[in-house]
Visitor: 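Can you read through this structure? Questions will come right after.
Chain naming here is simple, since letters A, B, ... match the order of the sequence lines and numbering starts at 1 in each.
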Amino acid sequence: MSQVHLDKTYDPKAVEDRWCQTWIDRRYAHASLDHPGSPYTIVIPPPNVTGSLHIGHALNNSLQDILIRWRRMQGRNTLWMPGMDHAGIATQNVVEKQLQAEGSSRAALGREAFVARVWEWRARSGGIIIEQLKRLGASCDWDRLRFTLDEGLSRAVREVFVRLHEDGLMYRGERLINWCPRCLTALSDIEVEHEDHNGKLYHIVYPVVGDDTTTLTVATTRPETMLGDTAVAVHPDDPRYRHLIGRRVRLPLTTRELPIVGDSLLVNREFGTGAVKITPAHDFSDFEAGERHRLPRLSILDIHGRLDVEGMRAAEVDQTVIQDIAQLPVLKARPKVELRLKEAGSLTKVEDHKMVLGKCYRCKTVVEPFLSPQWFVKIAPLAEPAIRAVEEGRIRIVPEGWVNNYLGWMREIKDWCVSRQIWWGHQIPAWYCRACHGSALQQRADGSWIIPPDASPIVARTAPAACPRCGGTELLRDPDVLDTWFSSALWPFSTLGWPDETAELRRFYPTSTLVTGLDILFFWVARMIMMGLRFTGDVPFRDVYIHALVRDAEGHKMSKSKGNVIDPLHVMHQYGTDALRFTLASMASPGRDIKLAEERIEGYRNFANKIWNAARFILMNLEGEREGLPPASRPFADRWMLSRLDHAIRQVTTSLEQYRFDQAASQLYHFIWHEYCDWYLELIKPALQAQAAEARATRHTLVESFDAILRVLHPFMPYLTEEIWQKMPHEGDSIMLQPFPTSRPEWDDKDAETQFEVLSKFVTTARLGRALLTIPPGQRVTLYGTSTDAEELATLMQLRPSAEVLSKATLHLQPLPDWPTERVLRLAEERLSVGVAVEGGLDLDKTLGRVAKQRQDVAKEASRLEAKLANASFTSKAPGDVVAEHEERLRSLRHEAAILASSEEQLSRMGRS
RNA sequence: GGGCGAUUAGCUCAGUGGGAGAGCGCUUCCCUCACACGGAAGAGGCCACUGGUUCGAUACCAGUAUCGCCCACCA
């Protein structure tokens with residue numbers, strides 16, 4: 001017995017703690033510029049500083065770690081760049097909530113104190129996810145941990161901003177943007193989530209001015225915005241209305257007169273009444289129509305989404321109406337307006353209507369189209385090269401099904417609103433001269449300044465000392481910060497030291513693979529491609545691997561509010577990190593979401609334990625010398641297993657090259673459990689007992705093969721493999737640093753594989769026989785075997801000892817006529833015949849039933865094949881080898897059927913006697 | 001409204017122009033000196049439906065149904 005002791009069951013906890021820390025302490029994952037290998041770089045999708053590890057992170061980072069560990073073992077110069085995102089709105093919301101609980105607010109603190117408070121929060125409780133990633137085994141280069149608000153990255157942000165501005169791609173202007181009335185900031189188009197909503201369609205009658213008999217009825221879902229109307233539109237070709245174009249209507253509840261315009265883009269004649277009110281300040285399509293017809297934009301909402309109408313003149317609008325709705329949020333104002341319209345007789349119809357509502361992706365508040373001055377990135381000149389990079393294959397998207405998604409979105413992309421009216425983030429590097437703008441700059445009660453849309457910004461990398469135009473020294477900095485995704489877009493190069501031409505940038509950029517979920521393809525991936533191409537002149541990464549979303553067992557999105565989250569930390573604690581990682585890898589098949597149920601993880605926990613016990617077995621049997629022989633001179637079982645191992649290594653490598661983590665996982669699972677453990681370890685047990693050369697050779701193969709298995713498995717199950725590898729005979733400090741096994745042509749042994757097929761068929765058939773006769777597993781039995789194929793029979797004779805061990809039998813290999821037929825149940829597997837000696841206590845009826853059913857199945861299949869072969873068009877048109885295969889199979893089936901029939905006959909004879 | 005994907009064993013999913021697969025679950029027998037988180041043997045499926053292409057379709061094509069996802073300012 002070996003001196004190494006292993007518990008009967010694998011206990012991940014202690015192992016994981018120990019290795020996680022050791023790996024980090026020894027800096028195995030540190031990327032060195034001196035490393036001779038060709039670079040392989042991954043940048044982590046930086047988790048939010050507010051985040052804690054959820055199952056999506058676990059999947060995303062497990063896959064990245066598999067890739068990076070695999071490439072590291074292959075000898076590549078690997079860098080996995082870790083980091084965190086400052087997550088502007090999300091983080092600000094977290095701290096604001098805390099302040100609220102303390103009875104304070106961000107306004108009460110003021111900007112500087114508030115930002116200081118967020119930094120304090122980050123130092124104290126931000127970034128716990130980093131520790132969780134380490135526990136997951138993520139072999140990032142932790143020395144290089146980056147944060148999007150680090151000075152280096154902030155410098156990159158300013159640099160990009162200034163250069164975009166210099167190139168005319170960054171501009172400020174008043175546009176209709178998506179406004180979150182709760183976060184009090186603008187949002188980009190993709191930060192708005194659309195949800196179906198059951199709304200109503202209101203039909204409102206507008207009297208035509210100067211004609212008491214004519215009215216125009218418009219249909220709208222938002223009557224409360226009517227005070228912001230500046231026109232009414234009809235279709236220019238609509239015979240009902242076209243004669244009215246150019247005339248005016250009176251806006252109900254007011255004395256205001258609105259022009260009637262013809263607009264074929266805005267108006268759908270089939271919809272509603274065919275007439276539309278135009279509210280340019282509160283609807284995107286109305287905004288565009290307003291541009292076309294040069295209509296005034298009348299904003300009637302404040303930043304909180306409340307009606308801001310008090311300024312409207314009494315002469316124009318009924319003051320009782322104003323008092324009724326002023327300061328009300330839109331949803332509360334709507335019924336009030338509805339009532340007023342009804343009283344005025346202007347509301348003719350209200351019908352149910354399905355519509356979509358835009359909601360803030362951070363807080364789910366309904367967003368308002370809102371007119372305000374914002375900064376925008378002119379996107380078309382950036383999108384064009386980004387489209388080409390994917391079209392020309394310089395960036396490969398895997399699975400490629402998402403390419404069209406990407407291209408479609410890119411081709412319709414609109415300018416990117418990048419300014420946010422929050423405090424946590426990269427403040428925009430733009431200043432305004434007080435002297436130049438004079439009274440146009442107004443100060444609010446809270447001290448903040450209102451910068452008019454047409455103000456002239458001074459954009460600079462650092463705060464300018466004086467206004468370049470007038471020399472004025474009183475400069476106000478733009479209060480807005482940039483969209484969080486702006487700094488994320490620079491991540492692949494900003495983390496490597498850009499804008500400086502660093503050695504890191506030269507060595508590790510472009511990065512190799514980006515691993516990400518579909519949910520941030522547009523938010524992040526597309527923008528990285530645009531920015532990378534523009535500012536480094538090269539793609540930011542070669543491959544984009546898009547993995548699925550993890551859903552719960554019912555297929556629903558996991559969310560805290562639904563209570564259906566699977567907490568990866570809990571799973572790691574209960575089943576082990578390796579089990580979780582392996583599960584996630586095994587389910588990462590392309591193009592499909594992952595429905596994760598906890599039972600699945602249990603299965604792979606068992607797999608980990610199986611490997612643990614295989615190691616136990618091996619370690620128990622290592623006493624004595626080991627002798628490495630050339631593969632061809634090794635015992636049969638060794639030759640067969642090495643051939644299969646070589647096959648598995650090739651398979652796993654190919655799968656990983658294709659990002660088929662699922663395939664790689666199942667190939668490993670199948671090889672290790674069902675070939676290595678079930679067959680190989682059973683086959684060699686007798687050899688290990690022997691004190692012969694065979695034992696020495698087998699012990700050597702055992703160590704050699706298991707070492708290779710651990711190494712192939714290591715990227716998937718790092719902890720278990722490290723722990724076992726350390727206990728096995730080994731050279732080196734860590735399995736992490738060992739070479740990934742490569743295919744060994746001398747291991748490939750087709751003869752051994754063919755021989756094994758014969759052996760396994762015999763053993764399986766023998767076991768079936770034992771089961772048919774209900775012979776207990778412990779009981780030895782006498783078997784007879786033969787084959788119609790001479791080669792098969794020779795193999796069986798050669799492997800007789802193995803066959804006897806695996807089927808727990810004494811085996812006689814003799815031709816069928818020589819079998820003692822009265823006491824032997826005959827079974828067949830194609831050419832092979834196996835006879836099981838019948839020794840009393842036989843449940844004849846049961847056995848007969850089973851045999852009869854099997855014979856019927858075989859006969860049915862044979863007749864199906866027969867019919868097919870009788871079909872002339874098949875035999876004449878099908879390829880010759882296909883036909884030959886069918887014929888061969890039919891012969892086998894007939895043989896089998898005959899033998900089963902004779903077994904059946906024999907059994908019934910026994911029943912009669 | 002547009003686009004994409006799915007539909008295969010009780011569940012979760014692979015897969016291929018020529019004999020239906022895996023894991024989990026289930027049944028039976030076994031605590032055999034690595035492992036009961038185990039071993040052995042099983043049961044279970046008109047591969048969603050309808051047409052077409054083909055000697056041959058679960059696979060390729062078209063349509064239908066159901067489900068899901070992404071995109072979208074028809075008021």
Visitor: Looking only at atom C1', what distance separates B/C60 and B/U54, rounded to whole Å?
Guide: 10 Å
Visitor: Check this for me, if you would: do A/D229 and A/K277 make a salt bridge, where the nitrogen-to-carboxylate-oxygen distance has to be below 4.0 angstrom?
Guide: yes
Visitor: Within the modelled atom types, does a donor on one side and an acceptor on the other bring the side chain of A/R600 and the base of B/C24 under 3.5 Å apart?
Guide: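 No such pair is found, so the answer is no.
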Visitor: Expressed as a whole number of angstroms, how long is the span from A/N609:CG to B/G23:P?
Guide: 18 Å
Visitor: For the P atoms, the ones on B/G15 and on B/G25, what distance do you get once it is rounded to whole angstrom?
Guide: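 That atom pair is separated by 23 Å.
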Visitor: Any side-chain N or O of A/S589 below 4.0 angstrom from OP1/OP2 of B/A14?
Guide: yes
Visitor: For B/C71, does OP1 or OP2 lie under 4.0 Å from any side-chain N or O of A/R411?
Guide: no
Visitor: Using the ring centroid of each side chain, check whether A/H547 and A/Y659 are separated by less than 6.0 Å.
Guide: no
Visitor: Aromatic rings A/F607 and A/W673: how do their planes relate, parallel, tilted or perpendicular, breaks at 30° and 60°?
Guide: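 It falls in the parallel class, under 30°.
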Visitor: Please give the distance between the C1' atoms of B/A57 and B/C74 as a whole number of Å.
Guide: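 The answer is 44 Å between these two C1' atoms.
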Visitor: Rounded to the Å, how far apart are A/L865 CG and B/G18 C1'?
Guide: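 Roughly 10 Å, once rounded to whole Å.
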Visitor: Decide whether a cation-pi geometry holds between A/K610 and A/Y676; the criteria are a distance under 6.0 Å from NZ or CZ to the six-membered ring centre and an angle within 45° of the ring axis.
Guide: no
Visitor: Between A/K727 and A/E723 (salt bridge meaning N to carboxylate O under 4.0 Å), is one present in this structure?
Guide: yes
Visitor: Indicate the ring-plane relationship of A/H282 and A/F370, choosing parallel, tilted or perpendicular according to the 30° and 60° boundaries.
Guide: tilted
Visitor: Output the rounded distance in Å from CG (A/L521) to C1' (B/C4).
Guide: 13 Å
Visitor: Determine which bases of RNA chain B form Watson-Crick or G-U wobble pairs with both distances under 3.5 Å, and write the result as a 5' to 3' dot-bracket string with | for other-strand partners.
Guide: (((((((..((((....[..)))).(((((.......))))).....(((((..]....))))))))))))....
Visitor: Are A/K359 and A/E195 ion-paired here, with the side-chain N under 4.0 Å from a carboxylate O?
Guide: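 Here A/K359 pairs with A/E195 in a salt bridge, since their nearest N and O are under 4.0 Å apart.
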Visitor: Using a heavy-atom cut-off of under 4.0 Å over every strand shown, decide if A/G274 touches base, sugar-phosphate, or nothing.
Guide: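 Contact class for A/G274: base.
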Visitor: Measuring only the P atom in each nucleotide, how far is B/G44 from B/A20? A whole number of Å is fine.
Guide: 15 Å
Visitor: Show your working on ring-ring contact (aromatic ring centres under 6.0 Å, His included) between A/F523 and A/Y361 and close with a plain yes or no.
Guide: CA-CA 12 Å; A/F523 276 103; A/Y361 83 137; 5.3 Å; yes
Visitor: Taking the C1' atom in each of B/G19 and B/A34, what is the distance between them to the nearest angstrom?
Guide: 37 Å
Visitor: Listing time: all N or O pairs from protein to nucleotides 53-56 of chain B that are below 3.5 Å?
Guide:
| unit_1 | atom_1 | unit_2 | atom_2 | d |
| --- | --- | --- | --- | --- |
| B/C55 | OP1 | A/K877 | NZ | 3.3 |
| B/C55 | O2' | A/S873 | OG | 3.1 |

Visitor: Say we look at B/C46 and B/U7: how far apart would their C1' atoms be, to the nearest angstrom?
Guide: 16 Å
Visitor: If I take atom CG in residue A/D662 and atom P in nucleotide B/A14, what distance separates them, rounded to the nearest angstrom?
Guide: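 So the two atoms are 7 Å apart, to the nearest Å.
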Visitor: Could you check how far CZ of A/F287 sits from C1' of B/C73, rounded to whole Å?
Guide: 13 Å
Visitor: Do A/R780 and A/E804 sit within salt-bridge range, that is, some charged N less than 4.0 Å from a carboxylate O?
Guide: no
Visitor: Using the P atom as the reference point in each nucleotide, state the distance between B/G68 and B/U12 in Å, no decimals.
Guide: 14 Å
Visitor: Using nucleotides 32-34 of chain B, report all nitrogen or oxygen pairs with the protein that are shorter than 3.5 Å.
Guide:
| unit_1 | atom_1 | unit_2 | atom_2 | d |
| --- | --- | --- | --- | --- |
| B/A34 | O3' | A/R616 | NH1 | 3.4 |
| B/A34 | O2' | A/N613 | OD1 | 2.7 |
| B/A34 | O2' | A/R616 | NH1 | 2.8 |
| B/A34 | N7 | A/K685 | NZ | 3.4 |
| B/A34 | N6 | A/C677 | O | 3.4 |
| B/A34 | N6 | A/E682 | OE2 | 3.2 |
| B/A34 | N3 | A/N613 | O | 3.1 |
| B/A34 | N3 | A/A614 | N | 3.3 |

Visitor: For B/G3 and A/W402 - does any side-chain N or O of the residue sit under 4.0 Å from the phosphate oxygens OP1/OP2?
Guide: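 Checking B/G3 against A/W402, no side-chain N or O comes under 4.0 Å of OP1 or OP2.
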Visitor: Of the candidate nucleotides B/A41, B/C74, B/C73, which contains the atom at the shortest distance from the side chain of A/E288?
Guide: B/C73
Visitor: For A/H886 and B/G18, is the shortest distance between a side-chain N/O and OP1 or OP2 below 4.0 Å?
Guide: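 No, outside the criterion.
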Visitor: Considering only NZ, NE, NH1 and NH2 on the basic side and carboxylate oxygens on the acidic side, decide whether A/K200 and A/D352 come within less than 4.0 Å.
Guide: yes
Visitor: Identify whether the distance between the nearest side-chain nitrogen and carboxylate oxygen of A/D263 and A/R292 falls below 4.0 Å.
Guide: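 Yes.
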Visitor: How far does the P atom of B/U8 sit from the matching atom of B/U50, given to the nearest Å?
Guide: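 It comes out at 16 Å once rounded to the nearest Å.
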